[in-house]
Amino acid sequence: MLRPAVAAPDLTAPEIGTLLTAFERAVEAASPFNCIRLSSQDIGDAGALVIGAGKAAAAMAVAFNAAARDNVRGLVVTRYGHGLEAGEDAGEIEVLEAGHPAPDAASLGAAERALSLIDSLRPSEALWVLISGGASALLAAPLPGVTLEHKREAAECLMHAGADIREINAVRKHLSGIKGGRLAARAHPARVNTLAISDVPGDGLADIGAGPTTPDPTTQAQACLLY
């Protein structure tokens, strides 16, 4: 049954001002410069390789670069139109753009380059992984035998069936060479640090960006059952 339309309430100027202030403070609280509270001592001077993905990836790279002394390199990928703004500086951290919410060829290319950089980790370097909402689409590395189209179809099927983000990610992780902790495993034995800005209820690290640095608690049987 259709519900009757509800008219928007008439708001006074002070009420509109209060709402705008609340919105601006919420955006400020979620800013990477407030979320990433690092000092150069936290990062160290032995070298850092940064890999990042998500809608906030460019801003996170800028914040990380501002906190670091030097000897930092890497790559982050964000959605189209969300790259560096005028005056922003990510240093030697390259910023790429790719498809979101559906991964595209640029997502594949970004993942290939990210994995290649991880393979180039120097003994003294630590890996820093910057993750925010949208990372699972922006870094796409299907397992052998799985195509990008297979992954897209699986995610779309689950979304249309009403699956929540944890259920979708449970399937995604079993199709990916990055998600479900596989990115961190690729970096072994290097030290891996993760900085994440959550966009999922409960803020579970395994759910943000499908947990590229977090062991996958789900099984293939569970993924098959969900799909």
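Given the structure is predicted, the values throughout are model-derived calculations rather than measurements.
Between the side chains of E149 and T147, no donor N or O sits under 3.5 Å from an acceptor N or O. The closest side-chain donor-acceptor pair between E15 and T12 falls under 3.5 angstrom. A donor-acceptor contact closer than 3.5 angstrom is absent between the side chains of T213 and R182.
Applying the salt bridge (Lys or Arg N to Asp or Glu O under 4.0 Å) rule to pairs touching residues 87-108 yields E94-R113, sequence neighbours excluded.
In summary, E125 and R122 engage in a salt bridge, as defined by a charged side-chain N under 4.0 Å from a carboxylate O.
Grouped by direct or indirect side-chain proximity (heavy atoms under 4.5 Å, Ile/Leu/Val/Met/Phe/Trp/Tyr only), Y80 sits alone. The hydrophobic cluster around L148 extends to L108, counting ILVMFWY residues whose side-chain heavy atoms fall within less than 4.5 Å of a member.
A donor-acceptor pair under 3.5 Å links the side-chain atoms of R152 to the main chain of P103, judged by distance alone. The backbone N or O of R172 lies less than 3.5 Å from no partner atom in the side chain of S176, so there is not a single donor-acceptor pair. Listed for the H100 side chain is no donor-acceptor partner under 3.5 Å among the backbone atoms of T78. Although no hydrogens or angles enter the test, the distance criterion places no donor-acceptor pair under 3.5 Å between the side chain of S107 and the main chain of L139.
L84 and V72 end up in the same hydrophobic cluster when Ile, Leu, Val, Met, Phe, Trp and Tyr side chains are linked at under 4.5 Å. In this structure, L183 is a member of the same hydrophobic cluster as I131, with clusters built from ILVMFWY side-chain heavy atoms closer than 4.5 Å. Cluster membership check: I118 does not share its hydrophobic cluster with V50, using side-chain heavy-atom separations under 4.5 Å among Ile, Leu, Val, Met, Phe, Trp and Tyr. Put simply, V129 and L49 are part of the same group of oily side chains (I, L, V, M, F, W, Y) that touch within less than 4.5 Å, one to the next. Linking ILVMFWY side-chain heavy atoms closer than 4.5 Å, directly or via other members, places L115 and L96 in a single hydrophobic cluster.
Under a cut-off of 6.0 angstrom, the local environment of CD in Q41 is crowded, with over 12 non-hydrogen atoms contributed by other residues, nucleotides or ligands.
Here S116 pairs with nothing under the side-chain contact (heavy atoms from CB on, under 4.5 Å) rule; sequence neighbours left out. Every residue was checked against the side chain to side chain donor-acceptor pair (under 3.5 Å) condition with E156, not counting sequence neighbours, and none meets it.
G83 and V95 make their closest contact through CA-CG1, 4.2 Å (heavy atoms, listed as atom of the first residue, atom of the second, distance).
Taking the side chain as every heavy atom from C-beta outward, E28 and N34 approach each other to under 4.5 Å.
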(Q) Could you go through I93 and V76, starting from their C-alpha distance and side-chain angles, then the distance that decides it, and tell me whether this counts as side chain to side chain contact (heavy atoms under 4.5 Å, CB included)? (A) CA-CA 7 Å; I93 305 172; V76 301; 3.9 Å; yes

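To the nearest 0.5 Å, atom CH2 of residue W128 and atom CG of residue D42 are 6.5 Å apart.
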Output side-chain donor-acceptor pairs under 3.5 Å for residues 201-209, partner residues at least two apart or in another chain, one line each.
unit_1, atom_1, unit_2, atom_2, d
D203, OD1, S198, OG, 2.7
D207, OD2, R166, NE, 3.1

